[in-house]
Amino acid sequence: MRRDRFLVASALAFFLAADIYFVLLPRLRQWYLLPRDRCACLGRHANGTLAGNGSTTSGHLMGRGGYGTGAAMVTGMEGGAEAVVGVGGSRLQSLFAHPLYNMRLPEMGGEEVLLQPGELMEYYKRKVARWERQQKYYSDAALVANLSLPQQPVTFDPEASWLKFHLGINRYALYTRDDPGIARLMTDMQSNAIMSADYTQDEKALKGVCDCSQVVKPSGHHLKLALKFQDFGKAMFKPMRQERNEQTPEDVFYFVDFQRHNAEIAAFHLDRVLDFRRVPPVVGRLINVSGEILHVTRNEELRSVFFTSPANNTCFFAKCLYVCKTEYAVCGHPDLLEGSMSAYLPGLSIAPRISIPNPWIRSYSFTGKEEWEVNPFYCDTVRKMYPYNSGNRLLNIIDMAIFDFLTGNMDRHHYEIFTKFGDAGFLLHFDNARGFGRHSHDELSILAPLTQCCIIKRSTLLRLRLLTQPDFRLSEMMRESLDGDLLRPVLTEPHLLALDRRLEKVLRAVQRCVRKLGEGQVVVADFVEVPEGLATPPQPPPASQPPPAAPPAPPSKSR
Ligand SMILES: Nc1ncnc2c1ncn2[C@@H]1O[C@H](COP(=O)(O)OP(=O)(O)OP(=O)(O)O)[C@@H](O)[C@H]1O
Ligand SMILES: [Mn+2]
């Protein structure tokens, strides 16, 4: 070969080798890795145990809601244990990357989101304007009285994280899985300056009435405040009342149990790990009760319940200082106090909600029993009642019961829904502060909706099963999730381990139902209605549910 030809051929061979090594091989590797997962799930789809449980259910779940491909769904069902990739070593991130946690939702139009940006911005501007008017009024009054008022600078920030949170609320959940704004909102709630403090609306509605002879409320030991940030974001603050390692004594009724700030925090994380996303974001924070409550509140009544304890700590009280028992005060050390901060939802004037009694409500008296406690066929009655006779409502109640059983919360007297989304909307899981009281006891009666009705959403069941897998164990997911909170450890180890034990009990309850009625009756497709569903009549109930009856008046009160 001539020398010049040899050189050209060598150069070409070199480029070809480089191309194969640097371009082609990586692509092949990528290609090899991706489809392998897909093939695996397709294979499983064919013989999958759960996937094979009725084309109606999975078709419903995927087809109507437009939740991604069937292949993705089935990976979610069975591929859990193998799907661990460990994003940056985080098991929790692997869980959230799992297909079961990434069901695609249909495109969301105006009717699917709670608020439009324009109306929220108008609302925000009105709030700022009202604040400024009040500020001027206070300044003028102070000038006349020759007093100096502390300046409380406020900012109008159209990019504020709480605005983004409100704009992200849709008819399926309070936030989307991949919304980066939630992490920002949580950081803001942990650190943003607090410009005012006040009683919450429901406390104000009591108008200071404190009847301590009533066992339930207003008994004056609910101590919670609304704290406002400089950018007008708002959080509900519940102070620490109990040490983390203290268990509620056996003889204490659930309705006089303490509200636990760490239970509020842990419940938000659990709700997110279960992928419900029905609890507003909650973080832990150390509050300076003098600087961040007493000195910034304009509420005279609130100011009047502050005092200095014999140990020189700053303490404050519920409204019923002189009527109710004095041991209900909470104290800083000397000023710092742990508490939970729960992001406020949009105000009722722009996003009305209704509060509905839980059909499995408990008796809030020492002796009373509710019908569900004595009638094993109670669910048949509920199933005939509007709005439990169609759609997803009963399934949502069962999700809520499972959630409450895991935390041990017996205090779910009401639940709330956004009126905009009608009966198909999700249930808000507010007020979880009475969970995590006793790790050594599993209160099976909380599961009554599940054990009496014997139905569960397919997607919930699949995620619960996933959370028993060694790589995604619920306690570990929770440990990692809670580790991100400033007040870590939020839950003690026994509480974390109780979650695994309770989860097994939920799955055993489902198994018992399946043995009795068959999987087709028990595991129900949880359809997410297509957008036009708002205008269309409710879905016919699945075969396992009785036909709808004439709706009696809904047991709800509007707010
Ligand atoms: N993050 C939030 N955003 C908006 N409103 C909220 C939020 N958290 C709670 N609320 C409202 O405040 C009400 C009272 O809050 P919560 O239930 O947590 O306190 P509580 O003292 O336990 O009250 P109750 O005695 O009624 O159970 C809720 O029913 C709900 O309407
Ligand atoms: Mn409560």
Side-chain angles (χ1 to χ4, degrees), residues 114-115 123 161-163 165-166 168-169 174-175 182 185-186 188-189 198-206 209-211 214-229 232-239 241-242 248 253-268 271 277-283 285 318-320 324 328 330 339-358 361-362 364 400 404 407-419 427-437 556-559:
L114 184 66
L115 295 171
Y123 175 78
S161 55
W162 67 270
L163 281 175
F165 164 51
H166 288 183
I169 301 174
L174 281 176
Y175 51 93
I182 297 300
L185 173 71
M186 291 169 71
D188 286 351
M189 286 198 295
D198 205 347
Y199 288 117
T200 57
Q201 281 309 319
D202 62 314
E203 293 282 337
K204 284 184 183 172
L206 298 176
V209 177
C210 284
D211 179 356
Q214 271 193 308
V215 261
V216 192
K217 65 172 199 178
S219 60
H221 73 311
H222 290 198
L223 242 181
K224 57 184 194 292
L225 297 171
L227 304 183
K228 198 182 275 174
F229 302 112
F232 286 81
K234 229 165 95 173
M236 183 182 282
F237 174 73
K238 289 191 180 177
R241 311 298 311 259
Q242 200 176 39
T248 303
F253 279 93
Y254 51 89
F255 47 79
V256 288
D257 189 10
F258 277 131
Q259 304 235 13
R260 281 168 286 274
H261 73 308
N262 61 326
E264 285 285 11
I265 304 167
F268 159 69
D271 170 85
R277 287 172 276 128
R278 299 164 201 166
V279 176
V282 184
V283 296
R285 177 166 171 166
K319 268 186 172 179
C320 314
C324 297
Y328 292 140
V330 291
S340 60
M341 305 279 279
S342 163
Y344 257 79
L345 296 183
L348 295 174
S349 60
I350 53 166
R353 307 187 298 265
I354 52 170
S355 172
I356 302 171
N358 181 354
I361 195 169
R362 283 170 195 273
Y364 280 72
M400 187 166 71
D404 287 338
T407 69
N409 178 16
M410 299 168 77
D411 190 32
R412 185 71 61 196
H413 43 83
H414 286 74
Y415 62 89
E416 293 189 25
I417 56 170
F418 288 111
T419 53
L427 314 187
L428 287 157
H429 299 170
F430 276 140
D431 190 12
N432 302 299
R434 286 200 167 125
F436 298 103
S556 57
K557 65 178 183 199
S558 18
R559 294 225 162 174

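The figures here come from the full heavy-atom set of this structure, side chains too, leaving out hydrogens, waters and symmetry mates. Atoms within each ligand, like the ligands themselves, are counted from 1 in listed order.
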List in chain and number order the residues that pass side chain to side chain contact (heavy atoms under 4.5 Å, CB included) with Lys228, two or more places apart in sequence or in another chain; answer none if no residue qualifies.
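Side chain to side chain contact (heavy atoms under 4.5 Å, CB included) check on Lys228 returns Trp131, Met195, Ser196, Phe232, Lys234.
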Check the pair Asp188, Phe229 against side chain to side chain contact (heavy atoms under 4.5 Å, CB included), reporting the backbone distance first and the verdict last.
CA-CA 9 Å; Asp188 286 351; Phe229 302 112; over 6 Å; no
Applying a 4.0 Å heavy-atom criterion (strictly less than), which segment of Ala343 is in contact with ligand 1: side chain, backbone, both, or neither?
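Backbone only; the side chain of Ala343 stays clear of ligand 1.
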Have a look at Asp431 and say which of its N, O or S atoms is nearest the Mn ion (ligand 2).
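In Asp431, the N, O or S atom with the shortest distance to the Mn ion (ligand 2) is OD2.
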Provide the number and element of each atom of ligand 1 under 4.0 Å from a heavy atom of Lys224.
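Answer, ordered by atom number: 14 (C), 15 (O), 19 (O), 20 (P), 21 (O), 23 (O).
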Name the option, out of Met236, Glu416, His414, that contains the heavy atom nearest to atom 30 (C) of ligand 1.
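Nearest option to atom 30 (C) of ligand 1, by heavy atoms: Glu416.
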Counting heavy atoms only, which of Asp431, Leu348, Val282 is nearest atom 27 (O) of ligand 1?
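That would be Asp431.
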So for ligand 1, is [X] a polar contact partner (N or O within less than 3.5 Å, distance only)?
| X | result |
| --- | --- |
| Gln259 | yes |
| Leu345 | yes |
| Phe430 | no |
| Asp411 | no |

Going by the side-chain hydrogen bond (donor to acceptor under 3.5 Å, both in side chains) test, name the single residue among Thr248, Asp411, Asp404 that passes it with Arg434.
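Running side-chain hydrogen bond (donor to acceptor under 3.5 Å, both in side chains) over Thr248, Asp411, Asp404 with Arg434 returns exactly one hit, Asp411.
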What's the spacing between Met189 CE and Leu227 CG if we round to 0.5 Å?
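If we round to the nearest 0.5 Å, Met189:CE and Leu227:CG are 11.0 Å apart.
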Would you check if Leu348 and Gln201 make a side-chain contact, meaning some heavy-atom pair closer than 4.5 Å?
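No - every pair of side-chain heavy atoms lies 4.5 Å or more apart.
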What I'd like to find out is whether the side chain of Tyr123 reaches to under 4.5 Å of the side chain of Leu115, using heavy atoms alone.
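A side-chain contact is absent here, since even the closest heavy-atom pair is not under 4.5 Å.
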With a cutoff of 4.0 Å, is Arg434 in contact with ligand 1, counting heavy atoms of the residue only?
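It does not; every heavy atom stays at 4.0 Å or beyond.
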Is the closest heavy-atom distance from Lys238 to ligand 1 below 4.0 Å?
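It does, in that a heavy atom of Lys238 comes within the 4.0 Å cut-off of ligand 1.
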Any luck finding a side-chain donor-acceptor pair between Asn432 and Arg260 under 3.5 Å?
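Result is no, nothing qualifies.
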Quick one: list whatever passes salt bridge (Lys or Arg N to Asp or Glu O under 4.0 Å) with Arg362, sequence neighbours left out.
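Salt bridge (Lys or Arg N to Asp or Glu O under 4.0 Å) list for Arg362, sorted by chain: empty.
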